Amino acid sequence: MNANTKEISEILLHKSATKQFIYRNTMEYFNEFKSQLKSIEKELKESVTPANENVKIECKEEGQFEVRFQFSGDVLVFNMHTNVFNFEEVHPVLKLGYVRENPMRAYCGMIEIYNFLADSLKYNRIHDLGYLIGRLFINMEGNFFAEGKGQIGFLYQDFQAQKLQSETIRNIIESSIKYALDFDLWAPKMEEVLEISVLEKIQQQGMVAHKTGKRLGFTMSWQENQ
C-alpha cells in the first residue's frame, strides 16, 4: 500500500464511517419525529374533530424520508436529507470550542420543516411556494441546533450542550404548527398578478394560474444576526 492509498483508506475508515453513523443516527431521530407527529395527530383528532369535523387533521408518510402533517388549510412537510453536511467557514458553529476540539462534531444530518398550503399539494399547483420554517442539524453525539423562525430560531442554539430528545422533538413540532397557524396568506399585489401566459393557464386547467404562497423573502436566524 503506497502513501496515497493509505491516506484514502484512513479517510474512509474515519471520516466516511463517521458520516455513515450520522446518517443512521439522523434516521432514528427522524423516526421519532414520525412517532411524535402521529401522537399529536391522535390528540388533535380527539379534541378538534368532535367539535368540527371539517377541520382536517392528518399525518401521512410519503416514503422513508418525508412525512406530511395537515391541520386545516396548512401542511407541514418534514424532510430528512440523505446527505451529511458541514458548514461554510463563516458559520458560528465552527467557532465553538466544542467543535474546534473535535472538527468531526461539525458534521451533521439535517431535518427540514416546510410550510405549504394544503390546496397547493391537493391540486398539484406546481408554481405555488412552500416556506422553510426551520431546520435541525444533528451530529454524531446527538447534539443539535436549529435555524429558523419563531421559537425554533432562538430556543435551540446551544449546540455544545443540547441533546435531541423526544420531549424536544415534540416541542419543535408544536412550535412549528403554531408558527404556521400565525403565518397567514396575504393577497398578492396587483402588479404581481396583472399578467399570465397562455401556458400557465393551460397548465393549471382552470385553477389559479398565479403562484400562491404566504410570503416572499426568508432568511435564517444566524444570517439575520450577522
Side-chain angles (χ1 to χ4, degrees), residues 26 29-45 47-49 52 54-82 85 109-138 144-157 164 168-189 192-193 204 207-208 210-225:
T26 306
Y29 286 115
F30 190 61
N31 287 335
E32 180 60 23
F33 265 91
K34 294 178 181 179
S35 177
Q36 292 293 332
L37 283 164
K38 290 173 183 175
S39 177
I40 293 172
E41 175 195 29
K42 181 176 182 294
E43 294 173 22
L44 288 178
K45 280 185 173 180
S47 62
V48 174
T49 304
N52 189 337
N54 294 317
V55 179
K56 186 174 182 179
I57 309 292
E58 182 182 51
C59 179
K60 184 179 180 182
E61 292 188 36
E62 297 286 342
Q64 189 176 9
F65 303 106
E66 181 179 309
V67 57
R68 299 179 182 180
F69 188 80
Q70 180 175 347
F71 43 102
S72 190
D74 280 282
V75 175
L76 290 181
V77 177
F78 295 79
N79 175 70
M80 175 189 154
H81 205 291
T82 58
F85 296 87
M110 183 171 68
I111 295 173
E112 300 165 305
I113 308 169
Y114 282 91
N115 179 208
F116 286 88
L117 297 170
D119 281 358
S120 298
L121 301 175
K122 179 180 180 180
Y123 297 114
N124 295 316
R125 297 197 310 227
I126 60 175
H127 297 297
D128 281 8
L129 303 173
Y131 296 87
L132 183 65
I133 289 181
R135 55 184 185 175
L136 282 71
F137 294 93
I138 311 150
F144 86 102
F145 73 96
E147 297 177 343
K149 289 295 187 180
Q151 290 187 341
I152 295 175
F154 65 84
L155 286 182
Y156 308 106
Q157 296 296 305
L164 190 55
T168 312
I169 290 172
R170 169 105 184 191
N171 289 337
I172 289 170
I173 293 171
E174 291 174 342
S175 294
S176 299
I177 292 172
K178 288 191 288 186
Y179 185 84
L181 287 171
D182 289 335
F183 189 40
D184 291 323
L185 177 65
W186 285 355
K189 296 177 182 179
E192 296 174 357
V193 294
Q204 293 300 323
M207 301 298 293
V208 177
H210 293 291
K211 69 173 63 173
T212 306
K214 293 188 175 183
R215 303 287 192 281
L216 290 174
F218 190 97
T219 55
M220 290 288 99
S221 52
W222 73 271
Q223 293 171 316
E224 290 175 340
N225 292 337

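All values derive from a computational prediction rather than experimental measurement. Sequential numbering from 1 along the given sequence is applied to the chain's residues.
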Hey, does [Y] have a side-chain heavy atom less than 4.5 Å from the side chain of [X]?
X      : Y      : result
Met110 : Thr26  : no
Phe69  : Ile177 : yes
Val48  : Phe71  : no

What heavy-atom pair brings [X] and [Y] nearest, and what distance separates the two atoms?
X      : Y      : value
Ala146 : Gln157 : O-NE2, 2.6 Å
Ser72  : Ala118 : O-CB, 3.9 Å
Tyr29  : Ile169 : O-CD1, 4.0 Å
Phe78  : Phe30  : O-CZ, 3.5 Å

Between [atom1] on residue [X] and [atom2] on residue [Y], distance to nearest 0.5 Å:
X      : Y      : atom1 : atom2 : value
Asn31  : Gln36  : CG    : CD    : 12.0 Å
Ile113 : Phe33  : CD1   : CZ    : 5.5 Å
Lys56  : Thr49  : NZ    : OG1   : 11.5 Å
Gln70  : Glu58  : CD    : CD    : 6.5 Å
Ile111 : Ile172 : CD1   : CD1   : 8.5 Å
Asp74  : Ser176 : CG    : OG    : 11.5 Å

For this session: Could you label the plane-to-plane angle of the Tyr114 and Phe116 rings as parallel, tilted or perpendicular, counting under 30° as parallel and over 60° as perpendicular?
Result: tilted
For this session: Mind telling me whether Phe137 and Phe145 have parallel, tilted or perpendicular rings, with 30° and 60° as the class edges?
Result: parallel
Problem set entry | side-chain contact (heavy atoms from CB on, under 4.5 Å) between Thr168 and Tyr156, worked out | CA-CA 9 Å; Thr168 312; Tyr156 308 106; 3.7 Å; yes
For this session: Decide yes or no on salt bridge (Lys or Arg N to Asp or Glu O under 4.0 Å) for Glu41 and Lys45, but give the supporting numbers first.
Result: CA-CA 6 Å; Glu41 175 195 29; Lys45 280 185 173 180; 3.3 Å; yes
Problem set entry | Contacts of Lys38 that satisfy side chain to side chain contact (heavy atoms under 4.5 Å, CB included) - sequence neighbours left out | Cys59, Glu61
Problem set entry | All side chain to side chain contact (heavy atoms under 4.5 Å, CB included) counterparts of Ser175, not counting sequence neighbours | Gln151, Ile152
For this session: Check side chain to side chain donor-acceptor pair (under 3.5 Å) between Glu66 and all other residues, then give those that pass, not counting sequence neighbours.
Result: Arg68
